[in-house]
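For reference, the structure is listed below as structure tokens.
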Amino acid sequence: KETALHNFMISFNLLKLYAPNFKPELKGCLLSGDQELTVYNETDKSLSSDLSKVGELPLNNAYLNREFYNQLKEAGIGELRNTNTISKVVKECLYWFGLGLDEKYPSARLINFVTVLESTLKKKDETTELRRTVSERGAILLYDKFEQRKESFKQLRDIYDTRSKVVHTGVLIDDKDLASLAGG
């Protein structure tokens, strides 16, 4: 049951990533395989089996648009079923991405988003000089033109520097724009 709920949240995070304007929110309940109701509590962002919070079941059901689902299939969503190095990294990144989206504090959002950047842009055994590695590889992947890459490199370096400041000194930041830039 925990694995199914975890996979559901990862899938939900994929929707939020793939379609930033879609803005889905989980409200109401999930119907698990054994028809047991699982309720999502919006207040504390938790899942429970408390039926008193469910309300009208038909009003809590939601379906994914067939056209949008086909776009996700064309983008390769089916490949996430295969267990390999890339699908594992993508699933881990979707997990951290979702944590970042749900976090209200900019410092914690930034750390979660930079974890996504590190996971996608470094090799498995790399543990040092990640600031430069993440900044260079990110800029190369994001843009084709030199000037754009140069600006992106600086932004990614600033994001990483701020992340290091938060992690190593415990200083909280209030810069929502920097956290959003990292998430974007």
Side-chain angles (χ1 to χ4, degrees), residues 1-33 36-50 53-54 60-65 68-122 124 130 134 137-138 141-142 155-156 159-160 162-164 166-167 172-184:
K1 184 175 173 180
E2 279 185 34
T3 302
L5 291 172
H6 176 74
N7 287 342
F8 176 83
M9 293 310 291
I10 286 176
S11 301
F12 205 63
N13 293 338
L14 178 64
L15 288 175
K16 292 191 265 187
L17 176 65
Y18 191 81
N21 295 329
F22 181 47
K23 304 290 184 210
E25 284 188 24
L26 181 59
K27 293 182 179 176
C29 61
L30 301 172
L31 215 52
S32 61
E36 181 182 330
L37 294 176
T38 304
V39 182
Y40 180 75
N41 184 334
E42 183 66 32
T43 306
D44 62 6
K45 309 272 188 213
S46 67
L47 294 165
S48 71
S49 299
D50 184 357
K53 299 178 185 172
V54 174
N60 290 316
N61 291 330
Y63 300 94
L64 189 59
N65 176 294
F68 185 57
Y69 177 70
N70 288 334
Q71 287 177 358
L72 289 172
K73 277 176 57 176
E74 287 175 25
I77 191 173
E79 292 300 314
L80 290 179
R81 277 191 236 135
N82 302 329
T83 303
N84 57 43
T85 304
I86 293 175
S87 67
K88 184 179 177 199
V89 168
V90 170
K91 288 176 191 176
E92 288 172 358
C93 289
L94 287 170
Y95 170 79
W96 290 107
F97 180 73
L99 286 181
L101 288 178
D102 291 338
E103 182 57 59
K104 65 180 179 179
Y105 299 106
S107 295
R109 287 179 67 117
L110 181 74
I111 290 170
N112 288 320
F113 290 147
V114 173
T115 302
V116 173
L117 291 171
E118 285 181 353
S119 297
T120 55
L121 298 173
K122 71 176 187 61
K124 184 178 178 180
L130 292 179
V134 167
R137 291 178 187 161
L141 287 172
L142 289 171
Q155 289 175 333
L156 287 165
I159 288 168
Y160 208 87
T162 305
R163 173 250 177 226
S164 294
V166 170
V167 170
L172 298 176
I173 60 162
D174 292 323
D175 192 341
K176 292 178 185 171
D177 294 332
L178 190 64
S180 296
L181 181 63

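Summarising the geometry, atom CG belonging to Asn112 is positioned 6.5 Å from atom CD belonging to Glu103; distances are rounded to the nearest 0.5 Å. With rounding to the nearest 0.5 Å, the separation of CG in Asn70 from CD1 in Ile77 is 11.5 Å. Here the straight-line distance linking atom OG1 of Thr83 with atom NZ of Lys88 works out to 10.0 Å at 0.5 Å rounding. In this structure, CG on Leu156 lies 13.5 Å from CZ on Arg163, to the nearest 0.5 angstrom. For the atom pair NZ (Lys176) and NZ (Lys104), the distance works out to 11.0 Å, reported to the nearest 0.5 Å. Note that the CG atom of Asp102 and the CZ atom of Phe97 stand 10.0 Å from one another [nearest 0.5 Å].
For the pair Ser119 (side chain) and Cys93 (backbone), a donor-acceptor distance under 3.5 Å is absent. Side-chain N or O atoms of Lys91 include one that pairs as donor or acceptor with a backbone N or O of Leu80 at under 3.5 Å.
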Next item on the list: Run the numbers on Thr120 and Leu141 for side-chain contact (heavy atoms from CB on, under 4.5 Å), then give the verdict.
Entry: CA-CA 11 Å; Thr120 55; Leu141 287 172; over 6 Å; no

Next item on the list: Given side-chain contact (heavy atoms from CB on, under 4.5 Å), test Val134 with Ile159 step by step and report yes or no.
Entry: CA-CA 10 Å; Val134 167; Ile159 288 168; over 6 Å; no

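At a threshold of 4.5 Å between non-hydrogen side-chain atoms, the residues Leu99 and Thr115 do not count as touching. Side-chain contact between Thr162 and Asp175: absent, with no pair of heavy atoms (C-beta onward) separated by less than 4.5 Å.
Residue Asn84 qualifies as enclosed at atom CG: its count of foreign heavy atoms under 6.0 Å is above 12. No more than 12 heavy-atom neighbours from other residues, nucleotides or ligands sit within 6.0 angstrom of CD1 on Ile86.
In terms of the salt bridge (Lys or Arg N to Asp or Glu O under 4.0 Å) criterion, Arg109 has no residue partners (sequence neighbours excluded).
The heavy-atom pair separating Ile173 from Ser107 by the smallest distance is N-OG, 2.6 Å. Minimum interatomic distance between Leu130 and Lys122 (heavy atoms only, all atoms of both residues): CD2-CD, 3.7 Å.
No side-chain donor from either of Ser180 and Asp177 sits under 3.5 Å from a side-chain acceptor of the other.
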